[in-house]
Each structure stands twice: as structure tokens, then as C-alpha cells.
Novice: 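Below is a structure I'd like to ask you about.
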Amino acid sequence: MQSRVGGLEEGKDPGGSLLKTRALPFRLIQFLLMFVVLGLGVSILSMHTIRYFGVQHMAPAEPSTMRSCFAEPNTLESWIRPPSSLLHNMNDTELLWLASMAPQVKEYPFKRVPKIAFMFLTKGPLPMEPLWERFFKGHEGLYSIYVHSLPSYTPNFSATSVFYKRQIPSKLAEWGEMNMCEAERRLLGNALLDISNEWFILLSESCIPLSNLSIVYHYLSRSRYSFMGSFDEIGPYGRGRYNEHMAPLVNLSNWRKGSQWFEINRELAHMIVQDVTYYPVFRDYCKPACYVDEHYFQTMLTIETPYLLANRTLTYVDWSRGGAHPATFGKNDITEEFFKKITTSEQCLYNNQPTSLCFLFARKFAPSALEPLLELASKVFGF
């Protein structure tokens, strides 16, 4: 019995060793399974993290050398390229601030072809559009166009017109009111955003060109002066409009009057849009019967830069019939003799030398004048 018991007791060691030997692989398998499960869990978590938070949050990566198709290239060209659209959300303060910026280094580090900015201040349609289309044809790259109309007007230019999508954000402009000058500053501000615009011409819907664009470009580019009428008119319609509250900034001795329609260079355009000194004085003290569009820019530029003004406009207007508004020319007025009188009857100074070429534009022309104007354009105007 003892031997049996002892055999059984002796049999404990062999039996225990066998169980330990069998348990070892089972625990190893459990460990491996836990490791696989843990690995799968980490992988799944990583995939979700990448999906929702991006790869850059998982591990540092090298900066991409690929350029986004929508990114604006950080080059000089991107800074000097004119706006692709004239429509924007800037208010007047923001626009004039941006437009007042000017390079201090006068020499341009790129090939700059100076352009003429034709700025049309209108109520609505442009009845002389076909005539202007012929004027601009073949001179691409030498001009740009800007149209300021009443906010309620929706233009309907064809996609092939030079006026297509050339409207700027506009506001109400009333004859004789300060908002008329504000509209002119708005036109200048938008035109100044194109760094290639060097000369700025203010026109109305009733204006026409009297010469082809080559002559206009040559005349402006060779002139040492800008063309803005500015004179001291004695009488109720000149000095009589002066308000003594404008002193001491504006005294009667430097009060000036002139045509609203001007042709100025970039330097004077900058002066007009950046002005915050004269503007409130004219806004507050030049109200009808003081017509601010005939005095504000004319007086300010005479005080600040008299040596840059030719003291005349290049836009012909006929005041001989009297009244508050100039004469309007219709179909029956359009003859060769009529335009010969305009272009040769006066003498003026160009770069301090006498000349008979004093006017490059004229107004006011009624819509009925369009057809005979188109018939005479080639022979009389050269386009």
C-alpha cells in the first residue's frame, strides 16, 4: 500500500511536469492573440485619425513642393496685373486708400506700356457706343475703360463690346452736388488700381472723340501738363460762389472755376483720390448755387500744383446759347464745316507753344447725331 501510495506520490512530479509543458504553448498563443488584437486596434485607430485629423497630425512630413491650382503666385506680375474684374466689395474709403498707394521709386522694374483710362460718367446707356467702338478698334493695350452709371441701371453691352463688364460699383451722382465729385473720385480710384494707366480722361455719355486714338495718345504722352480748366472768373458765377468760411485753407485769391471734364496724369489723379484736406471744406461750403464739380479739383490743384496744369480742357463745349447747360447738338448740326470750326477756330498753347489743335473731344451730342457721325467719322475724325 505504501508502495502504491508512494508510487502515486512519486507520480506527482512526472504528471506536473507534463501539465506545465502543455500549458506553455497555450499561454504563448494567448499572448500572440492579444498582440494581434492590439495591433489591429492601433491600426484601426490610426486610420480614423488620419481620416478626420489629417496625416500631418500623426507624424511630421516634408513641406509639399506642389503649388495649389488656386494659389496666387507670389511674383511681381501678380502685384502689377490689373484686376480681373471691376466688381468688388470695397467701400469708398477702402477704395481710395488702396488707390492712393504709389511707388516711391520712379523707374519701373518691368516693361510698362502706359495706357489711357477712359472714364465714362453716365446716367445709363451710352448712345455713342458704336462711334467709340470704332475709335478703340485696333488699339488694344493702349487704353482701358471704366463706366460709372446710376446704380439702378443694368447695362446690356454685348460680349464683344469694349464696354462689356467695364462697369464699376456705382452710387447716385447728382448735378451740382458733392456726390458728383465723389463719383469722379470713384472712377479715378478704380482706374488707379491698374498700374499701367498713366492718363485719365473724364467723359459723359454725350461726349465724342474728335481725333483718332493715335493722335490722342501722342497728344497726352508728349504733354508736360495736365488739362484741367482753372481760371479766376470775376462775377456772380465765379467769385460770387466763394464762401468765406473756406478760409484760411481756400482764400478768394486762389478760388478757381473750370470745366468738369478733365484729362490728367497719374500724379494728379493720386492727389485727387488721397485728398482729405480740401474735401470736407468743399463738401460743407460749396453747395448749389455753388456747383462743386466746377470748383473743387480746379481750386485744389491750382493751390497745390499750379505748374502741372495747362489751365484748359481738351473737351469742347458750346456755351454761346446761354443758360445753365451747354448746347446740345443733334442730327442737323453734324456737318464737315461744323467740326472744322471746332478744330481750327481757336488758338491755344501746347507745351508753351501756340497750336490750333486745342480739342480732342466734344459734347453734348444727342442720340440722333449718331448716324451722321458714323458717316463722317472716317473722313473727319480719322477712324
Side-chain angles (χ1 to χ4, degrees), residues 92-93 95-97 99-100 117 119-122 146 148 168 170-192 200-204 225-315 317 319 324-326 363:
D92 284 352
T93 301
L95 171 65
L96 298 183
W97 175 83
S100 68
M119 308 180 303
F120 291 84
L121 180 58
T122 76
Y146 303 85
H148 185 294
I168 67 168
S170 306
K171 295 182 180 180
L172 180 65
E174 301 166 292
W175 179 68
E177 300 288 347
M178 190 49 146
N179 55 24
M180 180 69 76
C181 291
E182 290 168 354
E184 296 172 15
R185 297 178 83 194
R186 199 173 296 121
L187 278 163
L188 286 170
N190 281 276
L192 281 167
F200 304 80
I201 302 176
L202 182 66
L203 302 158
S204 75
Y225 304 99
S226 286
F227 297 91
M228 178 174 287
S230 179
F231 51 90
D232 180 11
E233 180 178 310
I234 299 174
Y237 304 115
R239 291 191 181 185
R241 296 176 177 175
Y242 174 75
N243 188 321
E244 61 183 11
H245 290 97
M246 293 182 170
L249 181 66
V250 178
N251 295 307
L252 181 60
S253 59
N254 46 39
W255 176 254
R256 293 293 182 270
K257 179 183 178 180
S259 171
Q260 171 186 5
W261 314 103
F262 57 73
E263 301 81 14
I264 60 176
N265 64 18
R266 193 172 182 91
E267 180 180 352
L268 296 190
H270 269 127
M271 291 188 64
I272 290 175
V273 300
Q274 69 188 19
D275 171 51
V276 293
T277 304
Y278 294 88
Y279 172 81
V281 173
F282 279 87
R283 179 197 61 204
D284 295 341
Y285 300 116
C286 184
K287 299 179 180 180
C290 175
Y291 301 108
V292 68
D293 53 274
E294 295 181 352
H295 297 280
Y296 173 22
F297 303 151
Q298 297 82 347
T299 299
M300 178 184 74
L301 295 180
T302 296
I303 295 173
E304 297 295 330
T305 55
Y307 50 89
L308 295 180
L309 297 179
N311 289 332
R312 64 183 179 92
T313 180
L314 298 179
T315 302
V317 179
W319 290 96
H325 300 282
R363 66 185 302 268

Novice: Rounded to the nearest 0.5 Å, how far apart are NE2 of His295 and CZ of Arg256?
Specialist: 12.0 Å
Novice: Drop me the distance from Leu252's CG to Asn243's CG, to the nearest 0.5 angstrom.
Specialist: 11.0 Å
Novice: Quick one: are Thr299 and Phe282 in side-chain contact, heavy atoms under 4.5 Å?
Specialist: yes
Novice: Got a donor-acceptor contact below 3.5 angstrom from the Arg239 side chain to the Ile234 backbone?
Specialist: no
Novice: At their closest point, which heavy atom of Gly176 faces which heavy atom of Tyr291, and how far apart are they?
Specialist: CA-CD2, 3.6 Å
Novice: Identify the two heavy atoms, one from Cys286 and one from Val292, that lie closest to each other, and give their separation to 0.1 Å.
Specialist: SG-CA, 3.6 Å
Novice: Would you indicate whether the side-chain heavy atoms of Asn179 and Lys171 approach each other to under 4.5 Å?
Specialist: no
Novice: Measure from the side-chain N and O atoms of Asn254 to the backbone N and O of Val250, and report whether any donor-acceptor pair falls under 3.5 Å.
Specialist: no
Novice: Which atom names give the shortest non-hydrogen contact between Leu314 and Arg312, and what distance separates them?
Specialist: CD2-NH1, 3.5 Å
Novice: State whether the number of non-hydrogen atoms from other residues, nucleotides or ligands found under 6.0 Å of Trp97 atom CH2 is greater than 12.
Specialist: no
Novice: Should Leu268 and Asn265 count as side-chain neighbours, where that means a heavy-atom distance under 4.5 Å?
Specialist: yes
Novice: Can you name the residues that form a ring pair (Phe, Tyr, Trp, His ring centres under 6.0 Å) with Phe120, not counting sequence neighbours?
Specialist: Trp132, Phe163
Novice: To the nearest 0.5 Å, what is the distance between CZ (Phe231) and CD (Gln298)?
Specialist: 8.5 Å
Novice: Can you say whether the rings of His245 and Tyr285 are parallel (under 30°), tilted (30 to 60°) or perpendicular (over 60°)?
Specialist: parallel
Novice: Mind checking the CG-CG spacing from Asp232 to Asn311? Nearest 0.5 Å is all I need.
Specialist: 11.0 Å
Novice: Return the CG to CE distance between Leu121 and Met180, rounded to the nearest 0.5 Å.
Specialist: 5.5 Å
Novice: Side-chain contact test, heavy atoms from C-beta onward, threshold under 4.5 Å: evaluate it for Asp275 versus Phe297 and give yes or no.
Specialist: no
Novice: Can you see whether Glu263 engages Thr315 through a side-chain donor-acceptor pair at a distance of less than 3.5 angstrom?
Specialist: yes
Novice: Might you point out which heavy atoms bring Gly238 and Trp255 nearest each other, and give the distance in Å?
Specialist: O-NE1, 2.9 Å
Novice: Treating Ser259 as the side-chain partner and Gly229 as the backbone partner, does any N or O pair qualify as donor plus acceptor under 3.5 Å?
Specialist: no
Novice: Let me confirm one number: the OG-CE distance from Ser204 to Met119, rounded to the nearest 0.5 Å.
Specialist: 12.5 Å
Novice: Does any non-hydrogen side-chain atom of Leu301 lie less than 4.5 Å from one of Ile272?
Specialist: yes
Novice: Any cation-pi pair here, Arg185 with Tyr279, using under 6.0 Å and within 45°?
Specialist: yes
Novice: Any side-chain heavy atom of Phe200 within less than 4.5 Å of one from Leu187?
Specialist: no
Novice: Would you say that more than 12 heavy atoms from the other residues, nucleotides or ligands in this model lie under 6.0 Å from the CD of Glu244, or not?
Specialist: no
Novice: Checking Tyr296 side chain against Met178 main chain: does a donor-acceptor pair fall under 3.5 Å?
Specialist: no
Novice: Could you tell me which non-hydrogen atom of Thr277 sits nearest to which non-hydrogen atom of Leu249, and how far apart they are?
Specialist: O-CD2, 3.6 Å
Novice: What heavy-atom pair brings Ala269 and Leu188 nearest, and what distance separates the two atoms?
Specialist: CB-CD2, 4.0 Å
